[in-house]
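Data block below; observations after.
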Amino acid sequence: MPFMKGIAPIRRTVQYLQSGKLSLKDRVQVFSVHYNRLGENHQGARDFVFWNLPQVQYQNPQVQVVTFKNMTPTPFIRCYLDSGDDVLIDVDNKSKEEIESHLKLVICKSDELLAKEAIAQEKKDNEANFGYGCQRHCICEMPGQVPCSAVCPLPNHMRGKLRFATD
Amino acid sequence: MSLMRQGLVIEKLVVGLHRQRFAPAAAPNLVVRWRKPISLGTAPSKLFRVPQRPQIPEDELKEIRRLFKNYNTQMKSIRAWFAEEAKRQEAVTAAAVAGATGEEAEFQRCLQINEEWNKKVAAERQVRLAAEKAKLTDKILTDLEQDELQKSKRIAEIQQMVEREKDLSSHYITEENIDQAIEEALSQEVNYNFAIDREGNYYHGFSMTPTTSHS
């Protein structure tokens with residue numbers, strides 16, 4: 001009984017997907033690859049689609065990644081931007097590594113930008129916050145704060161129903 | 001009395017079956033415990049009720065309408081102005097941010113790099129296609145030549161066959177000379193008592209002297 005099905009199931013592991021290097025620019029909305037099933041000059045594009053496209057989609061969940069097979073004499077990649085323009089990248093007779101490095105240069109976020117974004121992300125996740133979606137549900141969980149009133153009742157002078165009772 | 005009681009019970013059952021809770025759309029969190037079922041019909045005391053329409057004098061109505069129209073127009077215009085102002089502000093700040101980070105310039109540079117790459121790839125492709133075309137033309141010409149060669153060979157073979165048959169046709173047995181052929185065959189005696197060596201020499205009977213002929 002096989003553990004993971006498919007031709008190269010490592011492509012479906014989280015570690016492999018997270019190690020993808022192509023983080024597309026924010027302005028890219030659609031990433032389309034055109035290639036053929038046969039042809040020496042399409043081999044690089046085929047390899048790129050087989051090995052790297054899952055990583056691209058994982059790193060850019062908001063981008064539509066689509067492939068078109070057997071519709072073109074030469075392989076190419078076309079990225080559609082949010083302004084309506086498109087970027088045409090000719091990958092005829094190029095290897096998968098060449099394609100990947102060129103895409104990183106042309107249509108991906110630079111390493112400095114990615115580092116800046118990572119720092120900004122860390123700052124947003126303030127550990128002192130509590131409530132829904134945070135690490136702590138209530139402030140009463142912290143030592144030094146007023147304990148949970150469900151566990152330990154508040155003193156009478158802090159309870160509104162006893163302070164403002166008229167009878 | 002028992003009938004009445006029965007009637008009351010039936011009514012209660014009927015009423016019980018129709019017991020529902022309604023919340024008016026205007027106050028969706030309000031839940032009413034009891035509403036008279038529609039199937040029961042309106043009560044006799046309420047059957048011919050005619051709600052009193054408010055009687056407002058014509059001129060007062062006109063004044064009220066005018067005031068309301070003015071108010072609504074002004075509110076609409078203020079709201080529209082605010083929306084436009086917000087949009088304008090957003091565009092300005094977005095442009096400022098984009099300009100400050102220099103993203104657009106960076107992107108133009110990337111596009112330039114891509115253009116050069118595309119040109120290079122196109123040039124390489126032209127070279128490759130030209131080479132492939134030359135190879136293909138060569139192959140086609142050689143194939144044509146081979147074809148011609150094969151054809152001529154075949155024709156020569158056929159010619160040879162025809163010649164051979166022409167030569168042999170003089171020895172054919174036809175209807176005219178079939179009687180003669182039969183007589184000849186019967187009169188001729190073929191002696192199979194011979195041996196043959198590697199050079200093709202026949203040794204007839206028991207002799208040790210070879211002859212090259214069959215008979």
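Being a predicted model, the structure only gives us computed values, none of them experimental. Here is how names work: the chains are called A, B, and so on, in the same order as the sequence lines, proteins then strands, and each is numbered from 1.
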Query raised in the report: Step by step, would you call Phe107(B) with Leu81(A) a side-chain contact (heavy atoms from CB on, under 4.5 Å)?
Result: CA-CA 12 Å; Phe107(B) 186 62; Leu81(A) 312 175; 3.5 Å; yes
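- Taking SG of Cys110(B) as the reference point, atom NE2 of His102(A) lies at 9.5 Å (rounded to 0.5 Å).
- In terms of heavy-atom pairs under 4.5 angstrom with chain B, the leader among Leu88(A), Ile107(A), Val91(A), Leu113(A) is Leu88(A).
- More than 12 heavy atoms of other residues, nucleotides or ligands sit less than 6.0 Å from atom CE of Met4(A).
- Within a 6.0 Å sphere centred on CG of Leu168(B), other residues, nucleotides and ligands contribute more than 12 heavy atoms.
- Under a cut-off of 6.0 angstrom, the local environment of CD in Gln62(A) is sparse, with at most 12 non-hydrogen atoms contributed by other residues, nucleotides or ligands.
- Neither the backbone nor the side chain of Leu103(A) comes within contact range of chain B, judged by heavy atoms closer than 4.5 Å.
- Environment of NZ in Lys21(A): sparse, with no more than 12 heavy atoms of neighbouring residues, nucleotides or ligands closer than 6.0 Å.
- Within 6.0 Å of the CD atom in Glu132(B), the count of heavy atoms belonging to other residues, nucleotides or ligands exceeds 12.
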Requested in this report: Report the C-alpha distance between Glu40(A) and Arg128(B) in whole Å, list the side-chain angles of each, state the deciding distance to 0.1 Å, and finish with yes or no for salt bridge (charged side-chain N to carboxylate O under 4.0 Å, His left out).
Outcome: CA-CA 12 Å; Glu40(A) 276 289 323; Arg128(B) 184 170 56 84; over 6 Å; no
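- Ion pairing of Lys25(A) with Glu106(B) is absent here, as no side-chain N (NZ or NE/NH1/NH2) approaches a carboxylate O to less than 4.0 Å.
- When each of Asp92(A), Asn93(A), Thr74(A) is checked for a side chain to side chain contact (heavy atoms under 4.5 Å, CB included) with Val121(B), only Asp92(A) meets the rule.
- In this structure a side-chain-to-backbone donor-acceptor pair under 3.5 Å is missing from Asn114(B) to Val87(A).
- Other residues, nucleotides and ligands contribute only 12 or fewer heavy atoms inside 6.0 Å of the CD atom of Glu84(B).
- Contact annotation for Gln112(B): neither backbone nor side-chain heavy atoms come within less than 4.5 Å of a heavy atom of chain A.
- Atom CZ of Arg49(B) sits in a sparse spot, with 12 or fewer heavy atoms from other residues, nucleotides or ligands closer than 6.0 Å.
- Electrostatic pairing of Arg125(B) and Asp90(A) counts as a salt bridge here, judged by a charged N lying under 4.0 Å from a carboxylate O.
- Salt-bridge annotation for Glu124(B) and Lys94(A): present, with a side-chain N of the basic residue lying under 4.0 Å from a carboxylate O of the acidic one.
- A distance of 4.5 Å separates CG of Leu105(A) from CD1 of Ile113(B), quoted to the nearest 0.5 Å.
- Counting heavy-atom neighbours within 6.0 Å of Ile178(B) CD1, excluding the residue itself, gives a total of 12 or less.
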